[in-house]
Every structure is written in structure tokens, then in C-alpha cells.
Amino acid sequence: MSVGADLMARSDQVFIQTYSRFPAMMVRGEGCRLWDADGKEYLDFLSGIAVCALGHCHPEVTRAICEQAGKLVHVSNLFYTEPQTELARLLTQHSFADRVFLANSGAEANEAALKLARIHSGPDRYEVISLTGSFHGRTLATVAATGQPKFHEGFEPLPQGFVHAEFGDLRHLEGLISDRTCAIFCEPLQGESGVRPLDRVYLQKIRELCDRHDLLLIFDEVQTGMGRTGTLFAYEQLGVIPDIMTLAKALGNGLPIGAMLTSDKIAAAFSVGSHASTFGGNPVAAAAGVVVLKTMLADGFFDGVRAKEHLLTQGLQRTARRFPGIASGTRGLGLIQGLVLTPAGIERGQEIVNRLFERGVLINFAGGRVLRFIPPLIVEPEDIGMLIEALTAVLEELQ
Ligand code: PLP
């Protein structure tokens, strides 16, 4: 048995089986490459599910982590620490927000947002409208907010106060607004359910509805935020400013950290004791976040992302044209791109992913309908060329 197979067999014996994993025991990463325990190299167009935006083991991030770990790892939020202050300062300086709450994950950042929306709106207005197809996390409240029944099944009764509007249907959304509603909660682009960008005008109309009915607009930018869509936050290119925004994933480039951002006025609804986290804003994770932000804010970073977006979309569109039986087109923003599959392609979706894995290329099948490409934002043009070549070879095999 190979080193990797032995480790995987032992792992499967001790873990509660909640994950369907690729058969690889990863041991090392650098930039857009990963290596498994048997020495096989992988080209990574998954980034740990849109997390390692600066690539694996980015030297500056690693240096900041090691330096901070040598100084102070944890003290809790009973004390002030420098990295989290700097991180919050940078986040507020470069977004609509004045204030930040730091958490450890996307679901936790969303929980903070939901609690803030409720307490801000008073006891009678507690209902949150989210969209079908959305994904907001795996805690009970974020599962309830998630607009996909498959994530609800078996966990009922779910927390009350969540209703789902049909994706893209403004009239349906408007019909759901009542005296109980406190917020509209959505991702500017639905990542998990198949790379589905929300139309600009639709989002602008949602903003108008929020203003008209005095509702908070919460953007879940856990996946789209931190550069993934070609700007630091997706809202910047949509002409819509949310009242609350959540972040996680790429914020720590792999260290667990989440954030909930809002204005002074809305933040005032929380007071001492309203919400808390033992680990939130942990100095090591926050030190990583500071480097991530400074790197992305450096001159030219997003020009590079957009140039790579162009290359990737061109390559994927060529592929879609070449294999019309399997793919019908592409969609996405920045470096979150999807190859939309035809019904025949959908049947082979997981097989395409698995065959690419065999060839040492990592992607995934999002929402059971789209091949999702979320490489590190520092991906090289040659890597994009290699991806398209491998994808073409796999689709040729399947034809
Ligand atoms: N929100 C969105 C849009 C996500 O894509 C995810 C994870 O995929 C989450 C929330 C949950 O984040 P986490 O897994 O860090 O709790």
C-alpha cells in the first residue's frame, strides 16, 4: 500500500464520514501547486474552495504567521491585539463599512450578521428573506437561510424567521416582504449552487426595495469577497452598497477567519455582551489577513486578476464551442468561473472532475450543473493553458 493510501485508510476509520474526499493525502503546497504523500503534483484550480487566493504558502503570509506565532498566539477578546486592530482598520478603510466583528468562518460571520439584523430591527421584525439556490453555511441559522432544501433535510425544525425568494424573481421577493421582515440576505454571485451571478439591475432593485421598506441589505461575500471577482469586494462592481457584508474564505489565505462589516449606525445595535467569540480575530489569523489585504491592495494586483480572468474565460468559451454536446457556455466574475454543462454534460460532470484529478488537475462540480474554476488569484497564464489542455483532453476522451 502506498504511503498516501495507508494514511487515507487510517483517516477513514477515525473520522465521522461527512465528506466525500478526493483520494489524495495532501502534504505540501506552493503557489498553484499541491503535492500528495506519494509525490504526485497537482495544478490547483480549487484553492481549498476559494480560500488560498494568494496561492499556497505565500511567503509573506507564512512569514507573518510564523512571526506572530512566535510572539503571541491567543489572548481572547478580553484584550486588545495589534494584528486584529490593523486588519479591521484596513477592512474599514477599503470598504463602505465603519466597523467590523471578527469571527472564525463564513457561517459564523453570517450568524453575526443575522443576529445584528434582528437586534437592529426590534423584536417584531425578525424575518430574513434569502434566495433559492443560496448557500450561507452549516450552522442551524445559516442552514435555514440557505435556499436549498437538500441542506435542510433531516435537521428540522429549523430556526424560524427565514423565507426564500425565487432567484431572479423580483416580484416574488417583493411579495414576501411583510411587517416581520428585517433584511434581505444574498450572495452577489452564488458560488456553491453553480457560479450564478445576480444580475446588476436585479440587485439594484433589491437595494431599492430595502430602502423603500426600511430593510437591511446583507451581502454574503464569503466566497466573492477578497478579490475573487476582480475587485476587492464584488459589490464595488455592481453599483450596490450593502448595509452589512460578511467575509471569510480568502481573508486569511487559509487560516480560519471571518468578518462581519457594517456602518457605525447599524453596529450601534450591538452592545457589550450582544455577541462574542473566543477565537474571533485571533492574532495569528489576523496577521495573515493583514498581509492578504496589503498584497491585494498593492498597485496592479487587480489588473493581473482581470488579465487572467480574460485568459480563463476565453479558454473556457473555446472549450464550450468545441464540445457543444457537453458544455453550453460559461459564466462568472473575475476568477470564479463556471463551465455550464448541457444535460448530457451534467451526467458526466463528476466524471470530468475525477478524470482531471487523475491527470493532476483540481476543479470541482458546483451545484450539480457547472464545472467551477477558482484558481489562486496569482495563477500564471501558463497554468491556465495547462488547465484548458487537460480539460480538452478529458472532454475528447468522453466524446
Ligand atoms: N457563505 C458562502 C457564500 C459560502 O460559499 C460559504 C462556504 O462555502 C459559507 C458562507 C460558509 O463558510 P464556512 O464554510 O467558512 O462556514
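For ligands, and for the atoms within them, numbers begin at 1 and follow the listed sequence.
Counting the atoms of ligand 1 from 1 in the order shown, those under 4.0 Å from a heavy atom of E187 are 3 (C). Against a heavy-atom cut-off of under 4.0 Å, D220 is close to the following atoms of ligand 1: 1 (N), 2 (C), 3 (C), 10 (C).
Among I49, T146, V222, the residue whose heavy atom lies nearest to atom 9 (C) of ligand 1 is V222.
Considering backbone and side-chain atoms alike, K249 places an N or O below 3.5 Å from some N or O of ligand 1. Residue-to-ligand polar distances place Q223 within reach of ligand 1: an N/O pair is separated by less than 3.5 Å. For the pair G106 and ligand 1, the shortest N or O to N or O distance falls below 3.5 Å.
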For residues 284-301, run the donor-acceptor check on the side chains, cut-off 3.5 Å, and write out each pair with its distance to 0.1 Å, sequence neighbours left out.
residue: T295; atom: OG1; partner: V291; partner atom: O; Å: 2.6

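Salt bridge absent: E127 and R125 never bring a charged side-chain N and a carboxylate O closer than 4.0 Å. For the pair E192 and R372, the salt-bridge criterion is met [side-chain N within less than 4.0 Å of a carboxylate O]. Looking at E86 and R89, a side-chain N of the basic residue comes within less than 4.0 Å of a carboxylate O on the acidic one, giving a salt bridge.
Contacts of E192 with ligand 1, taken as heavy-atom pairs under 4.0 Å, involve the side chain alone. Of the heavy atoms in T142, none comes closer than 4.0 Å to ligand 1.
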